[in-house]
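The structure under discussion appears below in the form of structure tokens.
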Amino acid sequence: MKYIHKDIYTILLILIVFSLKIYSEKTTIQILMKQSEVPKNIDTKNFEENYNAVINSFLLEEYKNNTTINDIEVSFTFYKDNSEGTNNNGGSTYLNFIKDNIQAWTESKYDMAILDDRYLFNEESLIESIDIKEYFYTGMPTVNHFLNLSLYIDNKDIEHHSSDSLYHSHFKDDLYALPYEKDFDLLYFNSENGKSSNITESMSSITWDDLLVLMNDKSTNPLKIALNDDDYLLNFFFEYINSKYNISKENTKDYYDRFYNDDQSKDLLNSFRNFILSYSSQNLNDTLTLTLDDIYNAYINKETFLFKGKASHYNLFNDLNQENNINKKGFIVSLPPKNYSVVTEKYLVLNKYSNVDAKILVDVALKLTSLKMQILRSYYFGSVPTFDITKKNSDSNIKTYCDLKSYICDNLEKIQPIYVKDIFKSEFSSPFFETRVILPKFIRNFIKNNDMESLQFTLKSIKTLVVEEMGLYKIHSYIIFFIYTVFSVFIIAFTFKYRKHPYLKVIFPVFCIIIMIGFIMNMLSLTFMLYIPHSTSKCKISILYNTINQCFVYIPIFAITYRIYLIYKSQIVYTKSLTNRNSCIAVGVMFFVIFIYKYTVIMTSNFYFVSYGHINENRYPQCYYDNHDFHEIIDKISFIAYILGMAFILFRINKISKRIGELYYLYIILGLNITNYFVERKVVTSQSKNFPLYYLLLTILYSTGCFVCLYFLVGNRLYFIIVYPNAFDQIEEYLNYNAIPTSNYIQFISLKTDKNEFNRTFRKFRRDRKSIPYSGNDYDISRSNRDSEISKYLLFGGISESSGTSGVLNNNNNNNNNNNNNNNNNNNNNNNNNNNNNNNNNNNNNNNNNNNNNNNNNNNNNNNNNNNNNNNNK
């Protein structure tokens, strides 16, 4: 027993030691960060080692008295883009950074990341981009990848940051990032050049063109800018234009319009291109492929008048002076012309799926972004804090910093900040991710090839949707829809008026009216495609609307086609069944099932808009929702099954009725429905530069197709009914019977192409009515054997068996021939082979007329044999 207690004591001791070991283990937080924007010939390894050492030393001091959180260490991983071809392609670092690190982020390899504002929230837009999912594995990387800090941080913990920095740290009113540091563009002039002082003093009032003139020594000291880098190219593009035309966003309402409106943008864009050409060497490609390394080397070798860099590069040149034992400062700094400078902000974000406790991450993040930490980093590494410069006189820490770093504070007070992401923000603008990837390529292409039209189109497409630019074409489209709708309503009215006419009743006029309403809705659906989206409610309404109009068209057409097939296949049509209650129930059930399915999708899915087309194409807003692709596959399979089912039924009808009449109108309606299905999708996928005209032409085609469907469905029938109204009166009494032979209704299925054919149909209808006996209001069904023979005879009009119409009808022809051969006793043997009942009737035609009168009345087979002897019986 004592050994058991000893074992338990040993186990408890091990557990205590193990828990203490775990408690004493150091917590290491992995942080991803892009390599600093310094020339590659600088010793970056030493910089990175110092960076880790300074940060960890600060945290060690901060947490030395903390009993809850202690022994914290951070490890920075500095991303370096080693991809080939960056210099030739114009800056691929932006995409490479995402592609190389997104998987590690989703696998929780990193607990935090420091991102600049061009990566942060770059998916934010009402109209999303399909490329976001391709690179981030999700359509909402911010929400799905970053920790929502609003749940952990109070506003008082971050009040030392400037309002602009805090504004850009929120995503849809939630805090997802903490301002880490910022930077802005600065010009570094060589102080040994006598012109530098005069130029920097007048910088706030001159343009870039003026600056080039003041340098006035292009041959020896040309201007060099790192245009190979996409971010530097974008920065310079907006800095030049803002200083040239004074069109800052704050004082100009139509700020962005000036970049693409024909009347204003040509001068603006040409001025930018001419400026670059004016300072370029003979080879323009060399100018466009200059890197930051090239500019830095040219500057320190005094091959260029100035170095266009960042405020964070200030320490770099200070260190360079110390290395060269230069006592006095060898450079002068200034903001770009008219003080317009692009501001770049960096933010600290936390991994939502980190293995480190979220509270520890948040506490460390607050330490790293504190005012004390930011000022420390500024001293060591030259970064710019995110504090509010307006509090310089009230906050002693900021005042002390500004006394030591006066060049930073002075420029922060004078700067006309340009936030590039904000330039492109609008209700329908594309996500900045797409703008950042595509726009620099078109700017570079414009500089090289003077392709202004493509650049204007791209700048315009960033903020506008193609449906916003319809102009008068939209009004013309509405006029077309109105005209076709009015005509369609008249057709519906006449169809309802003549709904009891057999020429319409055979194709079920109620279903026809539903189909016509569906076609009208189809036409109007194109107008809904022009509605500008403001919320996802439009998506839900659109799905319900399209579901209703498709059900109104496809299901009744299928029901009518199947109904016609049953009429051909059957021998007798019950007139009461022509109300087709069962068909209505079946159609209603199908409609209800489809509607419930779509309604369930709407209520359980998250809806959003996705742009079909990139910013260099027409951007058309499409509604998407969760599992959209899966439901789209179901819809496509259903549509294909519908087409195959219709084709099969039409094939069977054609096989049975090829001797009866033309049913080409069914094929036309089916073909036009398929055409309209694809025309609607062609509107969405169109990339025509002249989309409004293209849409108008498709509108005419689509509406005409729908109207032609209406005409072939009921229009041609209505024409003959209206032109020959008396024909209906002559057969109206006949329609009161509960059942009639199929042959009579089959005559009304095929379309009549002329007056004679139409009149022949009604003459045959009246002739057949007189030849068939009725009992009261009911067709005598009890004698169906002989009656079916007459019905089939009327159906095929005496066609011989060799016609091969149907195996079912072969005996009918034989029976009818036997009944009409001869009235003599010599026909007894032939009749015995065909029908026993017929033989008895034919054998006694001459001798037993009086005795067989009742049989003649019942079987109705001797109507044509005993014209002389049986007049009384008839």
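In this structure, Arg499 and Ile513 have side chains that are not in contact, with every pair of non-hydrogen atoms separated by 4.5 Å or more. Looking at heavy atoms from C-beta onward, Asn522 lies out of side-chain contact with Phe552 at the 4.5 angstrom threshold. Looking at heavy atoms from C-beta onward, Ile514 lies out of side-chain contact with Val587 at the 4.5 angstrom threshold. The closest side-chain heavy-atom distance from Gln550 to Phe639 is not below 4.5 Å. The shortest distance between side-chain heavy atoms of Phe707 and Phe487 falls below 4.5 Å. Side-chain contact between Ile480 and Leu696: present, with at least one pair of heavy atoms (C-beta onward) separated by less than 4.5 Å. Phe591 is not listed as a side-chain neighbour of Thr547, based on a closest heavy-atom distance of 4.5 Å or more. Counting heavy atoms from C-beta on, the side chains of Ile479 and Phe482 never come closer than 4.5 Å.
Note that NZ of Lys133 is 12.5 Å distant from CD of Glu123, once rounded to the nearest 0.5 Å. Distance check: Leu718 CG to Phe490 CZ gives 13.0 Å after rounding to the nearest 0.5 Å. The line from CD1 of Ile515 to CD1 of Ile555 is 10.5 Å long, rounded to the nearest 0.5 Å. Once rounded to the nearest 0.5 Å, the distance linking CD1 of Ile548 with NZ of Lys598 reads 12.5 Å. Within the model, atoms CG of Asn549 and CD1 of Ile517 stand 11.5 Å from one another, a figure rounded to the nearest 0.5 Å. Between Tyr478 atom OH and Ile483 atom CD1 the span is 15.5 Å, to the nearest 0.5 Å.
The environment of CZ in Phe496 is sparse: at most 12 heavy-atom neighbours from other residues, nucleotides or ligands sit within 6.0 Å. More than 12 heavy atoms of other residues, nucleotides or ligands shown are found within 6.0 angstrom of NZ on Lys538. More than 12 heavy atoms of other residues, nucleotides or ligands shown are found within 6.0 angstrom of OH on Tyr545.
With respect to Glu434, the side chain to side chain donor-acceptor pair (under 3.5 Å) criterion is satisfied by exactly one of Ser125, Ser611, Ser129: Ser129.
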Test log, rule side chain to side chain contact (heavy atoms under 4.5 Å, CB included), inputs Met646 and Ile649: CA-CA 5 Å; Met646 283 286 293; Ile649 295 176; 5.6 Å; no

Report the C-alpha separation of Val714 and Phe494 in whole Å, then their side-chain angles, then the decisive distance to 0.1 Å, and conclude whether the side chain to side chain contact (heavy atoms under 4.5 Å, CB included) test is met. CA-CA 10 Å; Val714 295; Phe494 280 110; over 6 Å; no

Please step through side chain to side chain contact (heavy atoms under 4.5 Å, CB included) for the pair Val466 and Tyr695, ending with a clear verdict. CA-CA 11 Å; Val466 68; Tyr695 174 83; over 6 Å; no

Could you walk me through whether Leu126 and Phe428 satisfy the side chain to side chain contact (heavy atoms under 4.5 Å, CB included) test, starting with their C-alpha distance in whole Å, then the side-chain angles of each, then the deciding distance to 0.1 Å, before giving a yes or no? CA-CA 6 Å; Leu126 176 64; Phe428 306 119; 3.9 Å; yes

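A side-chain donor-acceptor contact under 3.5 Å links Ser426 to the backbone of Ser429. The backbone N or O of Lys425 sits less than 3.5 Å from a side-chain atom of Lys463, completing a donor-acceptor pair. Of the possible polar contacts, none joining the Tyr599 side chain to the Leu544 backbone as a donor-acceptor pair under 3.5 Å is found. No donor-acceptor pair closer than 3.5 Å links the side chain of Asp626 to the backbone N or O of Ser605.
The aromatic rings of His628 and Tyr625 stand perpendicular to each other, their planes meeting at an angle above 60°, with 30° marking the opposite boundary. The aromatic rings of Tyr642 and Phe558 sit tilted relative to each other, their planes meeting at an angle between 30° and 60°.
Residues passing the salt bridge (Lys or Arg N to Asp or Glu O under 4.0 Å) test with Lys460, sequence neighbours excluded: Glu469. Under the side chain to side chain donor-acceptor pair (under 3.5 Å) criterion, Ser461 pairs with no residue at all, not counting sequence neighbours.
Shown here for Lys474 and Met470, the closest heavy-atom pair between the two residues is CB-CB, 3.6 Å. Across all non-hydrogen atoms, the minimal contact from Phe481 to Thr485 is O-OG1, 2.6 Å. The shortest heavy-atom contact between Met140 and Lys172 is CE-NZ, 3.9 Å. Here the closest heavy-atom approach between residue Pro431 and residue Ile127 is recorded as CD-O, 3.4 Å. Shortest non-hydrogen contact noted between Phe607 and Ile602 is CE1-O, 3.5 Å. Across all their heavy atoms, Ile492 and Met516 have their closest contact at CG1-CB, 3.7 Å.
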